[in-house]
Amino acid sequence: MKLVALFTSLLLLIVSGVAQARVLRSETVSGWDVTAETTDDGSFIGCFAGADYKSGYTLQFAVLKSGNWAFVISGRDIRLPDKKATTIGLRVGAGRPWTLEGKSTGRGIFAIISGANEKLFEELRIGYLLKVYFLDREVPFNLDGTSNMLNYISSCAGYYTGLEQGGALYADTASPATPAAGGGAPTSGLSEQQARSAVVPYIRAATDCIAEQMANDPRFDSFAIEGRVMSLMLDAAKICQPKLNAMVSAHDRYYYPGKGREFLSGAYAEDLPRALNERLKARIERAVARGPAGTSYGNAPTAAPASPEPPQQQVPAPRVGTSFGSGFFVRYDGTGLTNAHVVEGCRSAVIEGYGEARIMARDKTNDLALLQPIGGLRTGAAQFSRRAVKLGEFVYALGFPLSTFVANGLNFTGGSVSSLSGIDGDSRQLQMSAPIQPGNSGGPVVNTSAQLVGITVSHLNEFATLEKSGSLPQNMNYAIRSDIAASFLRANGIEPLEAEPTTKLAPEEIAAAGREFTFQVKCKVE
């Protein structure tokens with residue numbers, strides 16, 4: 001039985017004074033177990049979301065009928081007297097610390113998050129790592145899927161609270177006239193196709209408005225260079241609120257009451273970064289390529305073939321400001337590996353969410369660098385495959401491309417090994433079709449057993465290649481072979497963790513395994 005289920009009754013006891021509840025709705029949203037619940041007498045309590053972690057702890061969030069937010073951390077090793085006052089500290093990534101006054105639920109600690117802490121939820125929506133401090137402990141939690149979940153339970157609570165205030169029966173929510181998981185048939189008399197055709201113009205108008213406001217923001221170019229364009233989305237959405245309201249109203253009108261909020265917090269919120277990326281891609285690429293004084297930020301060294309000479313990798317220009325890249329842990333004490341060019345010119349680096357790290361060794365010839373967190377950590381670690389990668393083998397690349405531009409979360413793409421050598425026949429590298437972007441540099445490339453076979457390093461510059469050769473390359477991306485990285489580690493006194501390929505894993509299992517050891521690197525260069 002999941003810990004989420006074990007501790008839901010404790011949370012209900014604190015927030016409503018009841019230990020039992022009736023579930024109105026139960027589903028999974030981006031990996032979180034979500035329920036809407038009432039008391040036995042039918043009074044709405046709130047919408048709850050919980051997720052279990054391998055650490056043995058559970059996180060829960062709730063939006064209550066009162067409009068308050070609640071936060072709970074639970075675990076079997078928490079032993080406290082019931083309702084004992086306890087302080088909880090929260091920190092998202094390298095952001096500001098938050099302190100909440102909590103109470104014990106026995107095996108959990110509960111806190112109400114007031115309106116004064118609204119910005120905490122903005123950080124949770126765009127963050128990918130949360131650290132919770134309690135009882136002299138520090139516990140990290142991955143936040144993948146949290147943005148969708150928080151939007152969803154907020155909309156869920158508003159919907160059921162509105163039903164209760166309007167005198168509607170909760171039993172009616174099972175009918176097609178009200179929201180259901182995954183949608184429901186239109187009750188406006190229109191067919192599904194007619195309803196969709198009616199709302200599409202409103203969706204496009206809202207998205208176009210947000211994209212236009214972001215593009216007109218004077219911070220756009222600098223944020224694009226730093227990979228933080230999506231940080232402009234919230235301000236733009238506030239300006240475009242009338243368009244968003246019109247979109248919500250259209251869904252309510254052409255589908256059924258409540259559909260608009262469901263769509264806004266669900267499918268629309270989930271797809272919005274992709275849609276904005278599509279609209280702003282050319283503008284972002286121009287800003288990143290131009291950069292301050294021609295600087296390249298968070299980009300892997302690119303290659304531009306010049307005819308008739310063979311293609312050569314570009315040498316990164318000296319940098320100033322902040323650069324971003326990716327990396328992965330190779331030991332359980334937090335020792336990590338990345339590309340040397342990611343930390344070029346940096347005296348030290350920051351492993352996002354874990355803190356400052358020393359650069360212990362660099363190998364510019366093979367483009368590798370060794371990082372060691374200051375103070376030490378307890379982390380996951382990548383396993384190196386003992387079997388050499390094969391031509392045509394399917395692999396996956398993990399990393400943090402364009403920083404917060406892509407929702408500030410771990411990016412996971414797949415493709416085939418298309419060559420066992422790199423640019424100009426470089427035997428230290430392999431070529432793959434797995435898509436990568438600026439910021440993927442230094443991230444792990446793994447096989448279908450989630451074992452390391454390479455380290456992302458570069459890709460052919462599509463625009464330069466098109467200009468010089470008249471041909472547009474597709475998915476010509478390169479990785480340093482894992483045996484080169486293993487030799488680098490051994491030269492620095494570190495024995496890599498190695499294993500034979502095991503049972504083929506599902507893509508979602510590989511992504512989950514990669515989350516345990518992949519990190520983002522941030523480097524400030526003066």
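The first residue in the sequence is number 1, and the count goes up from there.
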(request) For residues Y332 and L497, determine if any side-chain heavy atom of one lies less than 4.5 Å from a side-chain heavy atom of the other. (result) yes
(message) Is the shortest side-chain heavy-atom distance between F394 and V417 below 4.5 Å?
(response) no
(request) Keeping the roles fixed (side chain from E101, backbone from T86), state whether a donor-acceptor pair exists under 3.5 Å. (result) no
(request) Work out which heavy atom in G353 is nearest to a heavy atom in K131; give both atom names and the distance. (result) O-CE, 2.6 Å
(request) Report yes or no: do T379 and Y354 form a side-chain donor-acceptor pair below 3.5 Å? (result) no
(message) Would you say the ring centers of F329 and F519 fall short of 6.0 Å from each other?
(response) yes
(message) Using every non-hydrogen atom in the two residues, find where S433 and S418 come nearest and quote the distance to one decimal.
(response) N-OG, 4.2 Å
(message) For P273, is there any backbone N or O sitting under 3.5 Å from a side-chain donor or acceptor partner on N277?
(response) no
(request) Please check if the side chain of T413 supplies one atom and the backbone of P435 the other of a donor-acceptor pair under 3.5 Å. (result) yes
(message) Apply side-chain contact (heavy atoms from CB on, under 4.5 Å) to residues I88 and F110 and explain how you reach the verdict.
(response) CA-CA 9 Å; I88 306 176; F110 162 86; over 6 Å; no
(request) Check for a donor-acceptor pair, side chain of S449 on one end and backbone N or O of Q451 on the other, with a separation under 3.5 Å. (result) no
(request) Kindly say whether the aromatic ring centers of Y396 and F412 come within a distance under 6.0 Å. (result) yes
(request) Can you measure from CD (Q520) to CG (N440) and round to the nearest 0.5 angstrom? (result) 10.5 Å
(request) Taking the side chain as every heavy atom from C-beta outward, state whether V521 and S326 have any pair of such atoms under 4.5 Å apart. (result) no
(request) Output yes when R91 and E352 qualify as a salt bridge under the 4.0 Å nitrogen-oxygen rule, no when they do not. (result) no
(request) Report the C-alpha separation of D52 and Y57 in whole Å, then their side-chain angles, then the decisive distance to 0.1 Å, and conclude whether the side-chain contact (heavy atoms from CB on, under 4.5 Å) test is met. (result) CA-CA 6 Å; D52 298 323; Y57 291 98; over 6 Å; no
(request) Look up atom CG in L129 and atom CD1 in I351, then write down how far apart they are to the nearest 0.5 Å. (result) 11.5 Å
(message) Quick check: do L59 and W32 have side-chain heavy atoms less than 4.5 Å from each other?
(response) yes
(message) Please determine whether a side-chain nitrogen of the Lys or Arg among R283 and D221 lies less than 4.0 Å from a carboxylate oxygen of the Asp or Glu.
(response) yes
(message) Quick check against the 3.5 Å criterion: does E393 have a side-chain atom that pairs as donor or acceptor with the backbone of K390?
(response) yes
(message) Rounded at 0.5 Å granularity, tell me how far CZ in R481 sits from CG in N366.
(response) 12.5 Å
(request) Please report the closest heavy-atom contact between L280 and A215, naming both atoms and the distance. (result) CD2-CB, 3.9 Å
(message) Is there a side-chain contact between I78 and R137 in this structure, where contact means two heavy atoms from C-beta onward sitting under 4.5 Å apart?
(response) yes
(message) Assess whether a salt bridge exists between K522 and E356, defined as any Lys/Arg side-chain N lying under 4.0 Å from an Asp/Glu carboxylate O.
(response) no
(request) Can you measure from CD1 (I210) to CD (Q241) and round to the nearest 0.5 angstrom? (result) 9.0 Å
(request) Kindly say whether A369 contributes a backbone atom to a donor-acceptor pair with the side chain of D363 at under 3.5 angstrom? (result) no
(request) List in chain and number order the residues that pass side-chain hydrogen bond (donor to acceptor under 3.5 Å, both in side chains) with D235, two or more places apart in sequence or in another chain; answer none if no residue qualifies. (result) R219
(request) Could you tell me which non-hydrogen atom of L244 sits nearest to which non-hydrogen atom of A206, and how far apart they are? (result) CD2-CB, 3.9 Å
(request) Indicate yes or no: at least one non-hydrogen side-chain atom of L410 is less than 4.5 angstrom from one of L398. (result) yes
(request) Report yes if the side chains of I455 and P444 come closer than 4.5 Å at any heavy-atom pair, otherwise no. (result) no
(request) Would you please indicate yes or no on a ring centroid separation below 6.0 angstrom for F324 and F400? (result) no
(message) Between the side chains of R279 and D208, is the shortest nitrogen-to-carboxylate-oxygen separation below 4.0 Å, so that they form an ion pair?
(response) yes
(message) Please give me the minimum heavy-atom distance between A486 and P496, naming the atom from each residue.
(response) CB-CG, 3.9 Å
(request) State whether the side chain of N492 and the backbone N or O of I494 hold a donor-acceptor pair below 3.5 Å, judged by distance alone. (result) no
(message) For A381 versus V330, what's the shortest heavy-atom pair and its separation?
(response) CB-C, 3.8 Å
(request) Without swapping roles, check the side chain of E509 against the backbone of A506 for a donor-acceptor pair under 3.5 Å. (result) yes
(message) Any carboxylate oxygen within less than 4.0 angstrom of a Lys/Arg side-chain nitrogen, looking at E495 and R490?
(response) yes
(request) Could you tell me whether the side chain of D367 reaches within less than 4.5 Å of the side chain of I480, counting heavy atoms only? (result) yes
(request) Could you tell me the separation between the CG atom of L489 and the OG atom of S482, rounded to the nearest 0.5 Å? (result) 10.5 Å
(message) Nearest 0.5 angstrom please: M360 CE to L371 CG, how far?
(response) 10.0 Å
(message) Could you walk me through whether V453 and V446 satisfy the side-chain contact (heavy atoms from CB on, under 4.5 Å) test, starting with their C-alpha distance in whole Å, then the side-chain angles of each, then the deciding distance to 0.1 Å, before giving a yes or no?
(response) CA-CA 5 Å; V453 296; V446 300; 5.7 Å; no
(request) Ignoring hydrogens and angles, tell me if any N or O in the side chain of T518 forms a donor-acceptor pair with the backbone of G514 under 3.5 Å. (result) yes
(message) Against M233, only a single residue in Q213, M214, K238 fulfils side chain to side chain contact (heavy atoms under 4.5 Å, CB included); can you say which?
(response) M214
(message) Test side-chain contact (heavy atoms from CB on, under 4.5 Å) on F141 and V132; report intermediate values, then the result.
(response) CA-CA 8 Å; F141 295 93; V132 182; 3.6 Å; yes
(message) Is it true that R428 and Y478 share a donor-acceptor pair across their side chains at a distance under 3.5 Å?
(response) no
